[in-house]
Amino acid sequence: MSGDRVRPDQVSGLSRREFLGRSLALGLGGAALGVLGACAPAATTGPQSQPPAQAQPKRGGTLTIVRPIDAVSLDPTNDTTAAGGWVATNIFESLLRLDYDMSLKPWLAERWEQVAPDRWRFYLRQGVKFHDGTDLDAEAVKISVERAISPQSRAASFFRGIKGAEVRDGYTVDILTEGPYGPLLRAVSTWFMSIVSPAALQKYGQDFGRNPVGTGPFKFVEWRTNASITIERWEGYWGDKAYLDRVIYKVVPEESNRMLALQTGEADMVFIPALAQVGQFKRDNRFVVHEVDGLRVVFFGFNVNRPPVNDVRVRQAINLAFDRKPVIDNILEGNALPATSYVSPGIVGYKDLSQYWAYDPRRAEELLRQAGYSKGSDGFWAKDGQRLSLKHYSPRGRYPKDAEISEAFQAAMRQFGIQVDLQILEWGTLLNKYTRTGLDAELGTLGWTDVPADAHYTLGALFACASIPPNGFNGMEYCNPAVDELTARGRANPDEAQRGQLYAQAFEMMAKDAVLVPVYNTKETIITSAAVKGYRIHKSEYLDWLQYTWLDK
Amino acid sequence: MGRFILRRALTSLLVALGIVFLVTLILDLIPGDPVVMILGQNATAEQVAALRRELGLDRPLLLRYAEYIGRAVTGDLGRSIMTRRPVAAEVAEAWPNTLLLAATAIGIAVALGIGLGAVSALRPNGWVDFGVRLLALLGLSMPIFWVGLVFIYIFGFYLRLLPIGGSGTPQHLVLPAVTLALPSVALIARMTRSSLLEVLGEDYVRTARAKGLSEPAVLLGHALKNALIPVVTVIGLQFGQLLGGAILTETVFAWPGLGRLVVLAIFARDYPLLQGIVLIFAFSYVVVNLLVDLAYAWLDPRITYA
């Protein structure tokens, strides 16, 4: 089938970075926000608050971005990959904006209030026009909300608490939830719930994803499949107009070529740079490396029902016996952070729980002795003549260095006296075990992003009793009614701070139960030429606003 | 000749039907639930049920196969699961790019390959022959992605003569076409050389020389055409392969052809798209084989297909 024979999984960067079907996270934030009352901060002028004072921004120019893979679709309800978000977040806007600090800000909605436990009212900014010249009104919001929650929407699973929308008057719209649904504001700030032009939906039908029409500072120009997407400044934008004339997103699958394109000036910005070269670009003043901690956690999950790891002391001992620092430093070359919770900082429900897995081999040995194990002359821990050994599954190339960190864990356990039999499985096979047939091993490597940026999503999908295979993603088979109860109470609470505390309690219970071996938290990294000014990287890997970005050349 | 073409076309049709059947079968061979694999982590139960219906997994294999054929005849290859666009539209966009790249590459390969092979055969074991044979060995042994990266480094980065990758202008075509052509150049040159050497030893060549024809006239007028039959076979096979999309070359040079599309379809488990692409691959191969057979008849009129 090909001129040059190759196994598809050998083809460069693609698989390695888990692009296809990778779902992204929206993040959300630590800062508590008064949700019940209306809140209408002073003039905001678009996605970004004013950039820090720099040289006087220049208008004009074309920004060329190279990225490993094309968008699937520019219809916000039909693409859950970062590749779609990168482009679409400049074309579309949502009711609320998830700012760089992970707090919520007014955007197309100027203010909002909760008028009943299951009803929220949004007051829209007036005078906003779509790129096709039609007005943004309550009807457009209703249509956009309804298509985001419909079964055809790829993002439907993130919006399970939302029932529908009702138009109150021209610029006021109510969103209805199934009972009290605390994370609603987080949900409507996702790009999957961008407000789209009803006229364009009507006109293009199923081809809307190729002819996107929103209210953002850039409008769509052209899409050459697997080659490039072009957008240009929209002069009719309601806020501060963009500085750049055009942005071209090119597909360059091979990571070393993306770096060369930046060096020759063919590109001004690189998404998903070659991690091994990041250090070199940091030392070169012709380039700027933008970094921020991201929203994905990569971990090894225990199947808590399988002996010997059905004993909590064994799970705790394994957590304490694994020194994560060399793994982060050497294998991920500093491009990740040690995991400090089951979710990332920035998610509602995050709390630093790393004390439960801080490296402490002595304490680990003690726990194993309490569990009835003793160290044999062969260097392995054993109980009743049975060596302590574990089966461990990992994908390769689904998450950054997933197989490599699993191998490092195997080596570390060998040194500590636990035998780990590691099997690298094709992702589809592993996914089927996690979700359908059950994890027939003691450990499995997995990465997880809390997409709505509110931990009820992670708690419900990964750790709820109701999500044990074949009904969901709880391959850990962890079932704790107290955790389910905290999740439900959190989800019903509209107060973000209180909600976060309830989730954090649930995570702390699980940390004590050592349900996972948390390993690392991703970092987001984008490299630009030094001529690119006013750019800021977002923690959420799909939000990439270019409204205030300009070129100094 | 007309009957021959008709017969070949019918055989080709059978081949295509067989291939579609195999691709339809893939869905049943996947371990586990293909719909869950396709939709991944964030799908709802309604989405799983809807896609199962759409893919026809609630119906028997043979019925699904018959339906696919029925729709394919009208040009409807279904919709891509990934992009939800018609498969025919996706393939129609990538196909001209692959065709352009493959045709350019095979053009370079034929010109260079036959030229070098002929020069080499004229002075066997001379300096030129030695050089060509060495080049051919290198061309065949070097991994294509590595050659591509080296070319990009030299011509794109170091000399800055050509773009690093992408498509759209003739300059963008140069590096991927040359890279893709290299193994074919090597193969064609070697085949031309050995075939020519064999022919040059034939009686009629000795006769031609004996009647005083110049060496170029002997070569071009008498030997080359007869030596080309095995070469044409090789060219046909190579071209058929190139039309299947050069996965590595298209990836290294960011060329938006069928090779890239097939990789994406495999990763996304986009079976309708995969089916459509495989159908095009099969079709290309069959057409090229037909052309090769016709070329035989032209090169050697003794070959007839009654």
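In this text, all values refer to a predicted model and were calculated from it rather than measured experimentally. Throughout, protein chains are lettered first and strands after them, A, B, ... in sequence-line order, and every chain is numbered starting at 1.
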Contact class of A/E266 relative to chain B, heavy atoms under 4.5 angstrom: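 Contact with chain B involves the side chain of A/E266 alone.
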
Which portion of A/S256 sits near chain B, non-hydrogen atoms under 4.5 angstrom: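 Only the side chain of A/S256 comes within 4.5 Å of chain B.
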
Closest heavy-atom pair and its distance - B/W255, B/N97: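 Reported closest heavy-atom pair: NE1-O, 3.0 Å.
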
Residue-level interface, residues 166-173 of chain B with chain A, non-hydrogen cut-off under 4.5 Å: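 If one takes a 4.5 Å heavy-atom cut-off, the residues of residues 166-173 of chain B near chain A are B/S167, B/G168.
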
Side-chain heavy atoms of B/L273 within contact of B/M82, under 4.5 Å: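 They are in side-chain contact.
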
Largest heavy-atom contact set with chain B, pairs under 4.5 Å, which of A/V66, A/N78, A/D207: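 Result: the option with the highest number of such pairs is A/N78.
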
Parallel, tilted or perpendicular: ring planes of A/Y434 versus A/W427, cut at 30 and 60 degrees: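 Plane angle between 30° and 60°, so tilted.
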
Chi angles and distances behind the ring pair (Phe, Tyr, Trp, His ring centres under 6.0 Å) call for A/W191, A/Y542: CA-CA 9 Å; A/W191 80 277; A/Y542 76 87; 5.7 Å; yes

Residue B/L149 versus chain A: region with a heavy atom under 4.5 Å: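 B/L149 touches chain A through side-chain heavy atoms alone.
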
Chain A contact via B/P163 - which portion, at a heavy-atom distance below 4.5 Å: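 Both parts, heavy atoms under 4.5 Å.
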
With a cut-off of 3.5 Å and sequence neighbours excluded, list every side-chain donor-acceptor pair involving residues 67-77 of chain A.
residue : atom : partner : partner atom : Å
A/R67   : NH1  : A/Y249  : O            : 3.2
A/R67   : NH1  : A/K250  : O            : 3.4
A/R67   : NH2  : A/D70   : OD1          : 2.9
A/D70   : OD2  : A/W223  : NE1          : 2.9
A/D70   : OD2  : A/N226  : N            : 2.6
A/S73   : OG   : A/D75   : N            : 3.0
A/D75   : OD1  : A/T77   : N            : 2.9
A/D75   : OD1  : A/T77   : OG1          : 3.0
A/D75   : OD1  : A/R147  : NH1          : 3.1
A/D75   : OD2  : A/R147  : NH2          : 2.7

Donor-acceptor under 3.5 Å (A/R258 side chain, A/P253 main chain):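 Such a contact is found between A/R258 side chain and A/P253 backbone.
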
A/T190 side chain to A/P452 backbone, donor-acceptor under 3.5 Å: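 Here the side-chain-to-backbone pair does not exist.
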
A/Q206 and B/R85: side chain donor to acceptor below 3.5 Å: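 No, because no side-chain N or O of A/Q206 sits under 3.5 Å from a partner of the opposite role on B/R85.
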
No-hydrogen, no-angle side-chain donor-acceptor test under 3.5 Å, A/S153 and A/S150: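 The criterion, which ignores hydrogens and geometry beyond distance, is not satisfied for A/S150 and A/S153.
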
Closest-packed option against chain A by number of heavy-atom pairs under 4.5 Å, given B/E93, B/E90, B/Q238: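 Greatest number of close heavy-atom pairs with chain A: B/E93.
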
